[in-house]
Amino acid sequence: MPARTWLPPGPFDLHRTLGVLQRGPGDPAFAVRGGEVWRACRTPQGSGTLRVAARPADGSVEAEAWGPGADWLLAHLPDLLGESDDPARLTARHRIVHEARRRHPGVRLARTGLVLESLIPSVLEQKVTSDEAYRAWRLLLQRHGEPAPGPWERMRVMPDPRGWALIPSWEWHRAGVDAKRSSTILRAVRAARRMEEAARMDLADATRRLTAIPGIGPWTAAETLQRTLGAPDAITVGDLHLPKIIGYALTGRRGTTDEEMLELLAPYEGQRHRAARLILLSGRVPPRRAPRFPVGDIARL
């Protein structure tokens with residue numbers, strides 16, 4: 001069981017930095033226990049489980065890892081925790097952004113260095129509610145993943161590319177995943193090596209690499225590369241809620257479009273995802289006027 005310690009270069013919020021990797025409550029590959037964050041994933045060296053805990057006494061972070069991928073996880077720990085990220089590159093142009101950064105100085109952009117780990121759940125989130133996508137991810141990992149190395153028995157590591165390809169059509173259906181999304185995932189895992197190469201590219205090239213797969217558009221690519229690369233400018237376009245939240249937070253107006261959101265975020269060019277993240281952390285969202293979108297379940301069809 002290898003271990004290492006890491007000293008953040010500045011203020012650091014462990015839970016908010018790594019929390020974006022969790023895919024809903026009950027995610028079999030991610031857990032929080034007390035002040036610890038646990039993550040099970042598939043690395044280039046095999047499956048691994050990582051435990052990360054902040055040590056308030058000296059401001060450092062300690063980590064332990066298990067499994068064939070343990071050494072890889074610990075070697076990439078600084079990137080995962082945002083050592084290569086530079087929050088100071090954002091200049092606040094709005095009071096709400098300034099206040100959010102002041103209140104959350106330790107938020108960094110995690111860089112996992114893994115593509116499929118973020119790409120597959122992002123595809124599952126296409127055109128459905130978050131609850132539907134989280135349920136699908138949870139069921140697929142529970143039924144087709146493998147037990148995670150280490151002491152936490154309930155955690156699961158997602159299938160390898162061949163494992164994803166062998167999931168029968170009725171299992172996708174049982175998890176509530178329609179043929180369009182499952183077909184996109186199958187195309188991606190067949191090109192797994194090419195997909196993972198995007199982790200070593202800049203944002204523009206990585207986006208082109210991912211969107212070369214039919215079914216992966218700008219929304220999915222941005223949601224993936226925000227996590228894989230820790231890309232500060234990977235703003236999500238095509239989201240149902242984000243433009244409305246950004247527009248309301250910055251102008252007080254409702255019904256903001258993608259184009260209008262991009263205009264509002266133009267002063268943050270190069271840091272648009274970071275700015276959007278801070279705006280979301282502010283909690284300023286438009287009051288709900290309509291009922292929540294109903295959750296579908298194609299598994300019942």
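Heavy atoms only: backbone and side chains are in, while hydrogens, waters and symmetry mates are out.
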A.B. asks: Can you tell me how far apart CD (Glu146) and CG (Asp160) are? Round to the nearest 0.5 Å.
C.D. replies: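 The distance works out to 7.5 Å.
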
A.B. asks: What are the two closest non-hydrogen atoms of Leu14 and Gly35, and how far apart are they?
C.D. replies: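 Residues Leu14 and Gly35, closest heavy atoms: CD2-O, 3.8 Å.
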
A.B. asks: Please report the closest heavy-atom contact between Val115 and Ala198, naming both atoms and the distance.
C.D. replies: CG2-CB, 4.2 Å

A.B. asks: Quick check on the hydrophobic clustering: are Tyr248 and Leu278 connected, directly or via other members, by side-chain heavy-atom contacts under 4.5 Å?
C.D. replies: no

A.B. asks: Are the side chains of Ser130 and Glu125 in contact, using a 4.5 Å heavy-atom criterion?
C.D. replies: no

A.B. asks: Just to verify, what does His94 make a ring-ring contact (aromatic ring centres under 6.0 Å, His included) with, not counting sequence neighbours?
C.D. replies: Tyr268

A.B. asks: Between Trp66 and Trp152, is the gap from one ring center to the other below 6.0 Å?
C.D. replies: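 No.
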
A.B. asks: Do you reckon Val61 sits in the same ILVMFWY cluster as Val32, going by side-chain contacts under 4.5 Å, direct or chained?
C.D. replies: yes

A.B. asks: What pairs meet the salt bridge (Lys or Arg N to Asp or Glu O under 4.0 Å) rule with one or both residues in residues 7-21, with sequence neighbours excluded?
C.D. replies: Asp13-Arg16

A.B. asks: Does anything in residues 222-232 pair up under salt bridge (Lys or Arg N to Asp or Glu O under 4.0 Å), and if so which pairs, sequence neighbours excluded?
C.D. replies: Glu223-Arg227

A.B. asks: Can a donor-acceptor pair be found, under 3.5 Å and without considering hydrogens, that links the side chain of Glu196 to the backbone of Leu116?
C.D. replies: yes

A.B. asks: Are any non-hydrogen side-chain atoms of Leu229 and Arg111 less than 4.5 angstrom apart?
C.D. replies: yes

A.B. asks: Write out all pairs satisfying side chain to side chain donor-acceptor pair (under 3.5 Å) with one or both partners inside residues 203-222, taking only residues at least two apart or from two chains.
C.D. replies: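 Pairs touching residues 203-222 that pass the test: Gln126-Thr220, Glu197-Arg209, Asp205-Arg208, Trp219-Asp239.
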
A.B. asks: At their closest point, which heavy atom of Thr49 faces which heavy atom of Pro149, and how far apart are they?
C.D. replies: OG1-O, 2.6 Å

A.B. asks: To the nearest 0.5 Å, what is the distance between CG (Asp233) and NE2 (His273)?
C.D. replies: 10.0 Å

A.B. asks: Is there a chain of hydrophobic side chains (I, L, V, M, F, W, Y, each step under 4.5 Å between heavy atoms) that links Val107 to Leu18?
C.D. replies: no

A.B. asks: Applying side-chain hydrogen bond (donor to acceptor under 3.5 Å, both in side chains), name anything that partners Arg162, two or more places apart in sequence or on another chain.
C.D. replies: none

A.B. asks: So do Asp85 and Thr17 actually touch side chain to side chain, heavy atoms under 4.5 Å?
C.D. replies: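 Sidechains of Asp85 and Thr17: no contact.
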
A.B. asks: We want to know whether Thr236 and Gln226 form a side-chain donor-acceptor pair, criterion being a heavy-atom distance below 3.5 angstrom.
C.D. replies: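 On atom types as modelled, these side chains qualify, holding a pair under 3.5 Å.
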
A.B. asks: Taking all heavy atoms of Thr43 and all of Leu114, pick out the closest pair and write down the distance.
C.D. replies: CA-CD2, 4.2 Å

A.B. asks: Would the distance check show the side chain of Arg272 and the main-chain N or O of Leu262 forming a donor-acceptor pair, the cut-off being under 3.5 Å?
C.D. replies: no

A.B. asks: Taking the side chain as everything from C-beta on, heavy atoms only, tell me whether Leu242 gets closer than 4.5 Å to Met261.
C.D. replies: yes

A.B. asks: Hey, is the main chain of Pro159 close enough, under 3.5 Å, to the side chain of Trp164 for a donor-acceptor pair?
C.D. replies: yes

A.B. asks: Leu7: what forms a side chain to side chain contact (heavy atoms under 4.5 Å, CB included) with it, not counting sequence neighbours?
C.D. replies: Ser60

A.B. asks: Please report, to 0.1 Å, the donor-acceptor pairs under 3.5 Å made by any side chain of residues 71-79, with sequence neighbours excluded.
C.D. replies:
unit_1: His76; atom_1: ND1; unit_2: Trp72; atom_2: O; d: 2.9
unit_1: Asp79; atom_1: OD1; unit_2: Ser84; atom_2: OG; d: 3.1

A.B. asks: Is the count of non-hydrogen atoms from other residues, nucleotides or ligands lying under 6.0 Å from Arg154 atom CZ greater than 12?
C.D. replies: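 Yes, enclosed.
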
A.B. asks: When you compare the side chain of Arg181 with that of Thr184, does any pair of heavy atoms fall below 4.5 Å?
C.D. replies: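 Side-chain contact under 4.5 Å: no.
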
A.B. asks: Step by step, would you call Arg274 with Leu109 a side chain to side chain contact (heavy atoms under 4.5 Å, CB included)?
C.D. replies: CA-CA 8 Å; Arg274 191 190 310 278; Leu109 300 181; 3.8 Å; yes

A.B. asks: With sequence neighbours left out, what residues match Glu260 under side chain to side chain contact (heavy atoms under 4.5 Å, CB included)?
C.D. replies: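 Side chain to side chain contact (heavy atoms under 4.5 Å, CB included) list for Glu260, sorted by chain: Thr256, Thr257.
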
A.B. asks: Got a sec, which residues hit ring-ring contact (aromatic ring centres under 6.0 Å, His included) with Phe12, two or more places apart in sequence or on another chain?
C.D. replies: Trp6

A.B. asks: Quick one: closest heavy-atom pair of Gly82 and Arg108, and the distance?
C.D. replies: O-NH1, 3.0 Å

A.B. asks: Enumerate the residue pairs fulfilling salt bridge (Lys or Arg N to Asp or Glu O under 4.0 Å) with a member in residues 24-37, sequence neighbours excluded, ordered by first and then second residue.
C.D. replies: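 For residues 24-37, and leaving out neighbouring residues, the salt bridge (Lys or Arg N to Asp or Glu O under 4.0 Å) pairs sorted by first residue read Glu36-Arg51.
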
A.B. asks: Please check if Val20 and Leu80 belong to a single hydrophobic cluster, counting links between Ile, Leu, Val, Met, Phe, Trp and Tyr side chain heavy atoms closer than 4.5 Å.
C.D. replies: yes

A.B. asks: Given 3.5 Å as the limit, does a donor-acceptor pair link the side chain of Glu132 with the main chain of Thr129, or not?
C.D. replies: yes

A.B. asks: Suppose we screen for side chain to side chain contact (heavy atoms under 4.5 Å, CB included). Which residues come up paired with Pro218, at least two apart in sequence or across chains?
C.D. replies: none

A.B. asks: With a 3.5 Å distance limit and no angle check, can you tell me whether Glu62 reaches the backbone of Thr5 through a side-chain donor-acceptor pair?
C.D. replies: no

A.B. asks: Determine yes or no for a side-chain-to-main-chain donor-acceptor pair under 3.5 angstrom, with Ser182 supplying the side chain and Ala179 the backbone.
C.D. replies: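 Checking the backbone N and O of Ala179 against the side chain of Ser182, a donor-acceptor pair under 3.5 Å is found.
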
A.B. asks: Do the side chains of Leu139 and Tyr134 join up, straight or via other hydrophobic residues, at under 4.5 Å, putting them in one cluster?
C.D. replies: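 No, separate clusters.
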
A.B. asks: About how many Å separate CG of Leu210 and CD1 of Ile216, when rounded to the nearest 0.5 Å?
C.D. replies: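 Going from the CD1 atom of Ile216 to the CG atom of Leu210 covers 5.0 Å.
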
A.B. asks: Is there a side-chain contact between Glu153 and Pro147, using heavy atoms and a 4.5 Å cut-off?
C.D. replies: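 When only atoms from C-beta onward are counted, Pro147 and Glu153 do not touch, as no gap falls below 4.5 Å.
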
A.B. asks: Report yes or no: does Asp258 contribute a side-chain atom to a donor-acceptor pair with the main-chain N or O of Val237 at less than 3.5 Å?
C.D. replies: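 Flag not set: sc Asp258 to bb Val237 has no pair under 3.5 Å.
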
A.B. asks: Measure the shortest side-chain to side-chain distance between Trp38 and Pro151 over non-hydrogen atoms and say whether it is less than 4.5 angstrom.
C.D. replies: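 Side chain of Trp38 against side chain of Pro151, heavy atoms only: contact under 4.5 Å found.
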
A.B. asks: Using every non-hydrogen atom in the two residues, find where Ala3 and Glu64 come nearest and quote the distance to one decimal.
C.D. replies: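 Reported closest heavy-atom pair: CB-CG, 4.0 Å.
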
A.B. asks: For the pair Arg284 (side chain) and Ile245 (backbone), establish whether a donor and an acceptor sit closer than 3.5 Å, ignoring hydrogens and angles.
C.D. replies: no

A.B. asks: Has Arg95 got more than 12 heavy atoms of other residues, nucleotides or ligands less than 6.0 Å from its CZ?
C.D. replies: no

A.B. asks: Kindly write out the residues that satisfy side-chain hydrogen bond (donor to acceptor under 3.5 Å, both in side chains) with Thr228, not counting sequence neighbours, or none if the list is empty.
C.D. replies: none

A.B. asks: Would a 4.5 Å heavy-atom cut-off, applied to side chains only, mark Leu140 and Leu124 as touching?
C.D. replies: yes

